[in-house]
Q: 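Here it is, the structure, as structure tokens.
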Amino acid sequence: MSDLHDPVLGWYDEHARDLPWRSATASAWSVMVSEFMLQQTPVARVLPVHAAWMERWPTPADLAAESTGEAVRMWGRLGYPRRALRLHAAATAIVEQHGGEVPAAYGDLLALPGIGDYTAAAIASFAFGRRHVVLDTNVRRVFARAVVGTEFPPASVTRAERDIATDLLPSDDAIAATWAVAVMELGALVCTARDPRCDACPIAERCAWLAAGRPAHDGPPRRGQAWDGTDRQCRGRIMAVLRDADGAVHRSSIEAVWPDAEQRERCLAALVADRLVVAAGPSAYALPS
DNA sequence: GACTCGTGGCG
DNA sequence: TCGCCAAGAGT
């Protein structure tokens, strides 16, 4: 299995994108901000927001000193704005519990809001060069194809996947960290979900899926995410109104973007419960101050 | 495990 | 056109 290392590492050395959070001078905070923003969000959309964010809040303390509403506003249209809330909460915890420095230990990272197994391993690995299994959707797809021989990984992370990733993880910390980002990059650029570029793949000769003739996914159909008319669409409309306003907005402005009163009120209440929105008077709402 | 939670680009 | 998908986490 370890004969995958050299080709992947060599390919990465030649083809890695020059992303800001990968620069030699990038801070751990920059890496952490990028990981929050990249959760379920493509790199191209993260780039400008990450740059603006780091310009305005170069350290965790800078963000922690701001209101959560400003964090949500700066988050812009990245989606899943609760991530902005969690990033703000994580920055606050870093100031209060870690002297303002992003912790390097996986366990300390995992304890922060908005950080799960993937993000904790990613920050420890990418920002601090530590040896961790970094299992994201890209890595899972690469291993599913190259090692298992299936087009896609299971719906949720399995023990078998973790075992494969653990077996393949180089023993040296620094090499393991590069390996982690290299496999992820291979999944993002070559071993893509749709239309993979096997002709450009450094491990094509060792890929079980390619050797099997690229068999199509046969498991249960992977259900897509409904959107039209959902609460998420409704919440998004409401958040857009509040983001684009200077201060509080009258409820009539919110009513204008979602005709279904029952759903609108339910979503508004949920947004308030989530602390993404606060009531600003009897019939006005705003981002939290 | 199954659901929920935004947004927009691409084939 | 429209379904699929993008460096997941929390409940």
Side-chain angles (χ1 to χ4, degrees), chain A residues 12 16-17 19-22 30-50 72 75-87 89-90 109-127 132-142 151-159 165 177 180-189 191-197 216-217 220-243 257-258 263 266-267 270-271 273-277:
Chain A
Y12 181 73
R17 289 169 291 181
L19 302 172
W21 45 88
R22 284 184 187 159
S30 175
V31 173
M32 176 169 159
V33 170
S34 78
E35 290 303 335
F36 270 74
M37 292 181 173
L38 287 164
Q39 290 168 2
Q40 300 286 284
T41 306
V43 167
R45 210 175 318 155
V46 165
L47 284 169
V49 183
H50 180 271
V72 170
W75 198 256
R77 305 191 65 81
L78 281 184
Y80 294 147
R82 291 189 292 190
R83 292 182 292 168
L85 245 34
R86 291 174 182 151
L87 181 52
L109 290 162
L110 190 61
L112 295 172
I115 296 188
D117 170 68
Y118 161 75
T119 303
I123 296 172
S125 182
F126 304 157
H132 286 281
V133 167
V134 181
L135 263 190
D136 81 318
T137 186
N138 291 304
V139 174
R140 296 182 62 216
R141 189 174 54 250
V142 170
E151 185 179 18
F152 295 115
S156 56
V157 177
T158 62
R159 173 60 187 273
V181 72
V183 176
M184 197 178 304
E185 189 78 336
L186 184 63
L189 298 183
C191 194
T192 50
R194 286 172 300 185
D195 201 22
R197 302 168 46 209
H217 177 72
R222 321 154 78 218
R223 34 191 285 264
Q225 319 165 23
W227 175 247
D228 210 51
T230 61
D231 283 4
R232 283 152 75 196
Q233 184 183 33
C234 179
R235 289 166 60 110
R237 293 259 183 91
I238 295 171
M239 290 305 298
V241 169
L242 296 179
R243 268 198 315 269
V257 299
W258 200 266
Q263 186 178 24
R266 171 161 46 82
C267 288
L271 288 169
D274 289 344
R275 299 190 176 281
L276 281 164
V277 173

Q: A:R237 has an atom CZ; how far is it from atom C1' of B:dG8, in whole Å?
A: 14 Å

Q: Which residues pass the side chain to side chain donor-acceptor pair (under 3.5 Å) test with A:R194, sequence neighbours left out?
A: none

Q: Can you build the contact string for nucleotides 4-11 of chain C? Use B for base contact, S for sugar-phosphate-only contact, and - for no protein heavy atom under 4.0 Å.
A: BBBBBSS-

Q: Which residues pass the side chain to side chain donor-acceptor pair (under 3.5 Å) test with A:Y118, sequence neighbours left out?
A: A:E35

Q: What residues form a side chain to side chain donor-acceptor pair (under 3.5 Å) with A:Q233, not counting sequence neighbours?
A: none

Q: Expressed in angstrom and rounded to an integer, what is the separation of A:Q233 atom CD from B:dT7 atom C1'?
A: 11 Å

Q: How many whole angstroms separate atom CG of A:L276 from atom P of B:dT7?
A: 11 Å

Q: Rounded to the nearest Å, what distance is computed from the CE atom of residue A:M239 to the P atom of nucleotide B:dT7?
A: 8 Å

Q: By nearest nucleotide on DNA chain B, pick out whichever of A:R77 and A:A155 is the more 5' one.
A: A:A155

Q: In whole angstrom, what separates A:W227's CH2 from B:dG9's C1'?
A: 14 Å

Q: Return the value, rounded to whole Å, for the distance between atom CZ of A:F36 and atom C1' of B:dC5.
A: 15 Å

Q: What pairs meet the salt bridge (Lys or Arg N to Asp or Glu O under 4.0 Å) rule with one or both residues in residues 112-127 of chain A, with sequence neighbours excluded?
A: A:D117-A:R162

Q: Give the rounded distance in Å between these two atoms: CH2 of A:W258 and P of B:dG6.
A: 12 Å

Q: Quote, to the nearest angstrom, the P distance that separates B:dA2 from C:dA7.
A: 22 Å

Q: Whether A:R243 contacts B:dT7 is assessed here as follows: a side-chain N or O lying under 4.0 Å from the phosphate OP1 or OP2. Is that the case?
A: yes

Q: Below 4.5 Å, heavy atoms only, C-beta onward: do A:R22 and A:E185 meet side chain to side chain?
A: yes

Q: Report the residues that fulfil side chain to side chain donor-acceptor pair (under 3.5 Å) with A:R197, sequence neighbours left out, ordered by chain and then residue number.
A: none

